[in-house]
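Notes follow the structure.
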Amino acid sequence: MKKSIQKLILVALLGFSSIAPVAPLATQYISTQVEITTNYENKILQSINTDSMYNHITHLSKTPRVAGSPEEDTAVTFIKKELDSYGYTTEVQSFPFKQYISPDTLEVSVENFTKDLQPLSMEYSIDGHVSGEVLVAGRGKMEELKHLDLTGKIALLERGDISFVEKVMNVTAKGAVGAIIYNHESSEIGGSLGSLQKTSIPAIFLSKEDGNLLLNYVKNTPQTNITLKIEGSETKQNTSHNVIATKSPTKKVNNHEILVIGSHHDSVAEAPGANDNASGTAMTLELARILKDIPTDTEIRFIAFGAEEVGLIGSSHYVDQLPKDEISRIVANFNLDMVGSKDAGDLIMQTVDEKPNLVTELAQAASTQLNGKATPYNRGESSDHASFAKVGIPAALFIHNPAESWYHTKDDTIDKISKEKLQDVAEIVSLSIWNQIRIDVQEE
Ligand code: BES
Ligand code: ZN
């Protein structure tokens, strides 16, 4: 994986000798090249400017940046302008997506229950008007549903363990005609099924407090009937944008490989998205800045994706429009999503199959070198790396685990961002990238 030092002789021959003098004798080449490599490595690590990342997060997180909104357009213009200012020719790639407009009628009525519940819209739920006996279905994991007959019933589910969409799909498979999911904590998270057309029964979301009221009532009053009514949701065509800056490889040593560093720039409604994901966007900008004039044998694409929060749409669009030849030349996708939260745990990586790949190997080597500890990885596909993995590209997400409790809420603001975390992730990722892109020459 790691390129051998001997292979770096060509760096000097190509004239990057401003960093270190080229020794005339072959025997001296190796030590000279070690020095060149080390010099670039130090140069990269030392040029990381955490204040600049922090300032970019501050700027981006002044408003939410919902895909297709004017605020997203403003963020896209800002990202493009920054990348242009580093000397890149930056492309804005626009694409259509279907936007969900929340229903105007959202009702839940519980037979003989006097308390007033405040149902919340579950993003992407279909409209529907259904009645049935309510059945408590735990967190909706298949093993919990094994012995339940939900045919014609409304499932009452607790948030947690698995995604909202998985819960709804699991109870649908068991015959349920409607789903009510309640929060397991008092956070103001919005409920979302991730994307359109995944589910076929109406679903609503309740706060923890309302959920517990209903749960207690249902436990004490078995065979209670519930009616759910959702009307007026719409899907509307909208446009979002990917911002792409490309760094060409150094001509004579072009190995035709491509590395993609990406992050999504959009946020969910109401969330300023300082951590999710102005942090990853700012880090992508910073990596583009510090790598701009570093000689490499690999092409690097820095991409800020749009419409991640509505179903990984920007990254899917990007991958889908790539010619086959380019897909086969992309050796790695580094996905930076939520990389700066004060209140989250330690850095981890996520791959869609929980297996190691070039990205995890590079990052484990880099983190061991920098901190004496290899960044661990586990399974996860809730971000843009999944679009790359889908077509066989080695891809991993960089994120802190566990995530902060204010994720996807209005409290995702700049005051929760840690400069130390930003610095740590930027070091690990930039060193990983450098070890992959540094100039390589065939050994004799
Ligand atoms: N940054 C999150 C993903 C995330 C959050 C991963 C916490 C791990 C821990 C991302 O922006 C997101 O919210 N993704 C969606 C999924 C997507 C398919 C719409 C999600 O997780 O709901
Ligand atoms: Zn995110």
Side-chain angles (χ1 to χ4, degrees), residues 57 60-61 64-68 72 75 97-100 122-125 159-169 181 183 185 187 189-199 203 205 240 262-284 303-317 319 334-341 343-352 354 376-390 395-409 412 416-417 421 425:
I57 299 170
L60 284 165
S61 64
R65 302 171 302 282
V66 175
E72 186 206 20
F97 73 100
K98 290 214 176 79
Q99 189 182 11
Y100 180 79
M122 177 62 84
E123 191 184 27
Y124 302 120
S125 168
R159 179 184 161 211
D161 292 340
I162 57 173
S163 66
F164 294 132
V165 65
E166 283 173 291
K167 292 176 201 287
V168 175
M169 293 213 290
I181 305 178
N183 207 341
E185 57 183 31
S187 64
I189 189 170
S192 175
L193 299 170
S195 63
L196 286 165
Q197 278 143 9
K198 279 206 177 153
T199 54
F205 191 46
S240 177
S263 53
H264 72 90
H265 58 68
D266 63 316
S267 75
V268 296
E270 267 132 67
N275 197 41
D276 188 12
N277 185 30
S279 67
T281 307
M283 198 170 291
T284 301
I303 313 183
F305 293 109
E308 187 267 359
E309 298 286 9
V310 288
L312 318 182
I313 314 273
S315 55
S316 298
H317 172 83
V319 168
F334 287 73
N335 178 21
L336 309 172
D337 189 358
M338 301 170 64
V339 288
S341 163
D343 302 316
D346 289 339
L347 182 66
I348 58 157
M349 291 177 280
Q350 292 192 337
T351 61
V352 298
E354 213 175 356
Y377 57 87
N378 63 18
R379 203 189 81 82
E381 53 187 1
S382 305
S383 185
D384 290 319
H385 60 295
S387 302
F388 288 84
K390 186 177 73 185
L397 164 68
F398 290 75
I399 190 162
H400 293 106
N401 183 59
E404 56 280 3
S405 61
W406 36 263
Y407 147 72
H408 279 188
T409 74
D412 184 1
K416 319 288 194 328
I417 294 296
K421 282 224 168 77
V425 183

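Atoms considered below: every heavy atom in the structure, side chains included; atoms not considered: hydrogens, waters and symmetry mates. In each ligand, atom 1 is the first atom listed, and ligand 1 is the first ligand listed.
For H265, the side-chain hydrogen bond (donor to acceptor under 3.5 Å, both in side chains) test picks out no residue, with sequence neighbours left out.
Interatomic distance, Y124 OH to S192 OG, rounded to the nearest 0.5 Å: 5.5 Å.
For the pair E308 and ligand 1, the shortest N or O to N or O distance falls below 3.5 Å. Looking at ligand 1, you'll find an N or O of H408 within less than 3.5 Å of one of its N or O atoms.
At a heavy-atom cutoff of 4.0 Å, ligand 1 is contacted by the side chain of I399 but not by its backbone. Contacts between E309 and ligand 1, counted as non-hydrogen atom pairs separated by less than 4.0 Å, involve both the backbone and the side chain. In S383, neither the side chain nor the backbone holds a heavy atom less than 4.0 Å from any atom of ligand 1.
Looking from atom 2 (C) of ligand 1 to the surrounding protein, the closest heavy atom is D337 OD2, 3.6 Å.
At a cut-off of 3.5 Å, with distance as the only test, a side-chain donor of N378 or Q350 sits close to an acceptor on the other residue. A donor atom on one side chain and an acceptor atom on the other are not found under 3.5 Å apart for N277 and E308.
The number of heavy atoms from other shown groups lying within 6.0 Å of CD (E185) is above 12. Within 6.0 Å of CG in D161 there are more than 12 heavy atoms belonging to other residues, nucleotides or ligands. Around atom NZ of K98, no more than 12 heavy atoms belonging to other residues, nucleotides or ligands sit under 6.0 Å away.
Near-neighbour remark for the Zn ion (ligand 2): protein N, O or S atoms under 2.8 Å are H264 NE2, D276 OD1, D337 OD1, D337 OD2; waters not counted.
Contact annotation: S192 has no heavy atom less than 4.0 Å from any atom of ligand 1.
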